Protein chains: 2
Amino acid sequence: MKFSRTSQRRVILSELRKLKSHPTADDLYTIVREKLPQISLGTVYRNLDQMAAAGIIQKLELSGRQKRFDGNVEKHYHMRCPHCGAVKDVENERLADVENILSDVLDELGADSFWIEFTGHCKDCNKAEAGLV
Amino acid sequence: MKFSRTSQRRVILSELRKLKSHPTADDLYTIVREKLPQISLGTVYRNLDQMAAAGIIQKLELSGRQKRFDGNVEKHYHMRCPHCGAVKDVENERLADVENILSDVLDELGADSFWIEFTGHCKDCNKAEAGLV
DNA sequence: CCGTTTTTAGTAATGATTACTATTTTTAAA
DNA sequence: TTTAAAAATAGTAATCATTACTAAAAACGG
């Protein structure tokens with residue numbers, strides 16, 4: 001199972017890397033079809049899964065329905081808006097402390113990994129739910 | 001939308017409360033059918049969702065496929081076995097420190113809530129994957 | 001080149017969940 | 001109690017994300 005170089009895989013990866021929006025497979029299907037109108041949804045799914053398995057991209061199994069993908073493989077965290085479903089990166093220096101503690105907890109539990117995610121309204125949805133828009 | 005008292009809801013809740021296994025809706029459907037053979041899967045889903053919305057039970061939206069339910073509404077964390085899919089409660093006193101930090105992080109981010117979950121092989125699967133069973 | 005491996009497009013199938021509907025049960029008030 | 005409105009039910013159909021299948025095409029390595 002060696003990787004072949006195909007235009008499909010190349011376009012999927014380069015489009016994903018352009019985005020900060022953590023798209024779903026279907027989002028990427030829509031975007032990639034502008035460059036490769038014949039591509040099939042299965043090809044998008046397969047390539048995303050393969051690249052995630054190879055560590056080239058990240059697969060976000062957030063607690064919603066659809067999985068999301070992230071071209072940034074550095075360890076970082078995400079916040080999902082419960083209103084519009086958008087997923088944004090989260091940055092906070094105190095998360096380093098959390099990581100340190102949890103890495104000890106992992107050892108004590110005999111666990112392999114931990115997952116943290118946040119829920120919070122994004123700016124626009126905050127306004128919308130307050131009736132300001 | 002007031003709650004009516006139905007035998008279906010009562011049995012679903014009491015069976016869930018007997019279990020420590022964090023069953024899926026389908027698991028509960030199987031169990032409850034022993035007492036109420038006519039119950040339909042939709043009724044199980046609907047009641048679980050309603051009770052979760054009312055805070056009577058917990059709905060675990062873990063990062064796998066199926067959602068799971070927990071009769072214990074106290075705040076606690078879970079570990080999922082990547083091999084057999086089992087979900088177990090996690091206890092560790094240092095998680096209180098993590099909660100404290102994350103509650104500050106929530107404020108700083110303007111977020112509403114956080115979710116932590118662990119992945120780790122359970123005893124039996126550890127043996128199985130080591131080829132000992 | 002050329003045989004082998006990998007990938008593809010297109011389609012079908014799956015699995016979890018939700019929606020629909022006609023009927024029944026529960027509720028609360030008269 | 002009777003009774004009308006509200007809520008819930010069983011059974012079924014529909015939906016949505018994802019995975020599986022297949023025959024044809026493309027990429028690979030020698």
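Proteins get letters first, then strands, A, B, ... in listed order; numbering begins at 1 in each. Predicted, not measured: the structure shown is a model, and the values here were computed from it.
Shown for residues 26-49 of chain A: residues whose heavy atoms fall under 4.0 angstrom of DNA chain C, namely Gln38(A), Ile39(A), Ser40(A), Thr43(A), Arg46(A), Asn47(A).
Remark on DNA chain C: of its neighbouring residues Lys59(B) and Gln50(A), the 5'-side contact belongs to Gln50(A), judged by nearest-heavy-atom nucleotide.
End-to-end axis angle of the helix from dC1(C)-dG30(D) to dA30(C)-dT1(D), from C1' rotation axes over five pairs per end: 40° (rounded to 10 degrees).
Checking Thr24(B) against Asp27(B) by side-chain atom types alone, a donor-acceptor pair falls below 3.5 Å. Checking Arg10(B) against Ser7(B) by side-chain atom types alone, no donor-acceptor pair falls below 3.5 Å. Side-chain contact, Gln50(A) with Tyr45(A): no donor N or O sits under 3.5 Å from an acceptor N or O. In summary, the side chains of His78(B) and Asp70(B) do present a donor paired with an acceptor at a separation below 3.5 Å, with no hydrogens or angles considered.
Using a 4.0 Å cut-off between a side-chain N of Lys or Arg and a carboxylate O of Asp or Glu, Glu15(B) and Lys35(B) qualify as a salt bridge. Note on Arg94(A) versus Asp104(B): salt bridge recorded, some NZ/NE/NH1/NH2 to OD/OE distance being below 4.0 Å.
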Dump every N/O contact between nucleotides 24-30 of chain D and the protein below 3.5 Å, one line per pair.
residue: dC28(D); atom: OP1; partner: Arg5(A); partner atom: N; Å: 3.0

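His83(B) and Cys125(B) make their closest contact through ND1-SG, 3.2 Å (heavy atoms, listed as atom of the first residue, atom of the second, distance).
For residues 47-59 of chain B, every residue pair satisfying the salt bridge (charged side-chain N to carboxylate O under 4.0 Å, His left out) rule, not counting sequence neighbours, is listed here: Asp49(B)-Lys59(B).
Looking only at side-chain heavy atoms (C-beta outward), Arg9(A) and Met51(A) come within less than 4.5 Å of each other. Using a 4.5 Å cut-off on side-chain heavy atoms (C-beta onward), Cys122(A) and Lys88(A) make contact.
Judged as a side chain to side chain contact (heavy atoms under 4.5 Å, CB included), and not counting sequence neighbours, the contacts of Arg33(B) are Tyr29(B), Thr30(B), Ile39(B).
Using a 4.0 Å cutoff to heavy atoms of chain A, the contacted part of DNA chain C runs 5' to 3' from dT6(C) to dT17(C).
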Would Asn92(A) and Phe118(A) satisfy side-chain contact (heavy atoms from CB on, under 4.5 Å), going step by step from the backbone distance to the final call? CA-CA 12 Å; Asn92(A) 187 288; Phe118(A) 296 90; over 6 Å; no
